[in-house]
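Here is the structure we will look at, set down as structure tokens.
Atoms within each ligand, like the ligands themselves, are counted from 1 in listed order. Keep in mind that the numbers below use all heavy atoms, side chains included, and drop hydrogens, waters and symmetry copies. Remember, it's a predicted structure, so these values are computed and weren't measured experimentally.
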Amino acid sequence: MLPNLFLERIKKMLSSDEYDKFLASYEIERKHGLRFNSLKADYDNFKDKNIDNIQLTEVPWAKNGYFYENEDRPGKSPYHEAGVYYIQEPSAMAPAAYLDAKPGDYVLDLCSAPGGKSTQIASTMNNTGLLISNEINTKRCKILSENIERMGIANAIVTNESPEKLTKVFPVFFDKIMVDAPCSGEGMFKKNLNATDEWSLENVQICSERQDMILDCAAQMLAPGGRIVFSTCTFAPEENEGSIYRFLKRHNDFRIVDIDKYNGMSHGNLDYYKTLITNSSIISEDDYDFYKTEIQKTIRLWPHLLKGEGHFVAVLEQTNEKLQSKPNYQRNNKNFGNKNNNLESYYNFFNDTICKLPLDGKLELFKDQLYLVPNGVPSLSGIKLLRRGLHLGTFLKNRFEPSHALALFLSSNLVKNSYDIDYDLAKKFIAGETFPCDLKKGWYLITVNGYSLGWGKVAGKTMKNHYPKGLRKNI
Ligand SMILES: C[S@@+](CC[C@H](N)C(=O)[O-])C[C@H]1O[C@@H](n2cnc3c(N)ncnc32)[C@H](O)[C@@H]1O
């Protein structure tokens with residue numbers, strides 16, 4: 001049951017005809033989507049390997065985004081475990097598309113678990129530049145880190161911090177910042193009816209205040225001329241047009257970018273906020289006149305107007321020219337972590353197994369774990385880190401054990417030995433099975449129809465399974 005107060009508020013925002021269509025959208029099955037991970041695959045490359053015959057149609061607003069049908073189960077496929085695609089609600093694909101991250105950019109995803117936006121951002125950076133994917137909630141941060149690994153992302157550092165703490169480390173630093181803010185989640189009601197139990201007007205208010213704080217932190221970390229994309233999956237104007245209105249009032253060195261809208265998208269509306277805020281004095285007539293047209297540059301994705309569950313997106317651009325000439329503005333190239341020590345067993349593994357690693361970065365050892373850390377990272381001492389770039393592997397007693405993350409980053413053209421298995425054998429591999437094979441001993445990159453899936457090691461006449469025990473499952 002949708003909360004009455006929620007429905008009353010929507011009624012005040014929409015015409016009666018639109019309100020009826022909005023209500024009717026709850027009677028229709030929710031829309032499902034997946035996004036190909038362009039670090040590994042795209043539709044053209046996938047279509048001949050579509051063993052489960054998933055029905056795919058393009059999502060207009062997101063490159064590599066596709067709708068799939070309700071009866072399809074792309075999450076239960078070896079391709080999912082190989083990071084060929086990420087399952088993502090279609091309207092949630094819009095914000096990162098508008099962030100428009102480019103190779104070489106420095107990007108922060110401030111509220112990033114479970115990783116839909118981060119993995120989308122990374123896919124356009126081509127493993128160059130730097131992506132900091134941050135999540136405040138430790139449990140969710142672990143899921144984020146696993147998704148970064150699954151998608152074969154090498155240029156991401158995963159942090160588990162509050163936005164305030166990050167501002168101390170990254171002042172005036174990022175070209176682009178994604179703020180996919182914690183919100184009252186009204187767009188999730190269809191997916192998860194329990195979310196309606198947590199909904200209240202007080203929570204809308206709490207979320208909007210938290211968004212003010214998070215946006216202020218983002219502003220402090222943005223480099224001159226940089227871009228912030230703010231998004232929510234709620235309809236509450238206090239958390240959408242309201243958050244942007246209040247932000248612009250506090251930061252007159254920002255403007256809203258007038259972005260192209262796709263068919264079915266509508267513009268944000270300051271009237272929604274003006275109508276629903278309890279204290280009408282919050283917006284003066286002068287402010288209303290000034291900001292009304294500006295706020296129309298934001299975007300609303302309504303579930304009754306397009307194939308998606310609902311989102312809000314605003315693209316903000318920093319316009320402070322004085323900041324541009326700030327003399328001490330720089331990105332520090334200093335290393336963090338311990339100095340490298342004996343890497344011999346890593347180099348032995350590398351020479352035996354890998355042809356090339358087409359990545360920039362520095363080898364850094366943290367206890368017995370070896371990472372390739374992207375360049376340009378300032379000192380991160382005191383910051384909680386779950387992933388420090390590409391995890392290469394672990395030093396054991398007399399040998400180096402390559403990581404699952406390295407396997408998922410690599411492809412068969414980058415390694416000396418790979419072993420391609422079919423879809424059914426891949427399911428068994430993911431469940432932890434070994435299989436017979438008559439090959440020379442050593443590490444093999446296991447691929448499923450060409451997509452890297454994990455490590456196998458030949459010993460005797462068996463391909464030993466090095467798929468991580470914690471990820472093994474029956475699919
Ligand atoms: C909408 S979700 C992010 C979804 C994610 N961007 C994606 O695409 O998969 C918002 C996230 O913000 C986190 N969060 C909650 N409170 C926060 C705070 N005070 N500062 C930053 N993030 C917070 C939540 O734990 C949640 O994971």
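Near ligand 1, heavy-atom contacts under 4.0 Å come from C111, S112, A113, P114, G115, G116, K117, E135, I136, N137, R140, P163, D180, A181, P182, R210, M213, I214.
Partners of W302 by ring pair (Phe, Tyr, Trp, His ring centres under 6.0 Å), not counting sequence neighbours, listed by chain and number: F22, F235, H304. In this structure Y371 satisfies the ring pair (Phe, Tyr, Trp, His ring centres under 6.0 Å) test together with F366, H391, sequence neighbours excluded.
In this structure, CD1 on I228 lies 10.5 Å from CE on M178, to the nearest 0.5 angstrom.
Between F247 and F230, a ring centre-to-centre spacing not shorter than 6.0 Å is recorded. Under the 6.0 Å cut-off for aromatic ring centres, Y79 and F46 qualify, their centroids lying closer than that.
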Under 3.5 Å, which donor-acceptor pairs do the side chains of residues 254-267 form with other protein atoms, sequence neighbours left out?
from, atom 1, to, atom 2, distance (Å)
R255, NE, E317, OE1, 3.3
R255, NH2, E317, OE1, 2.8

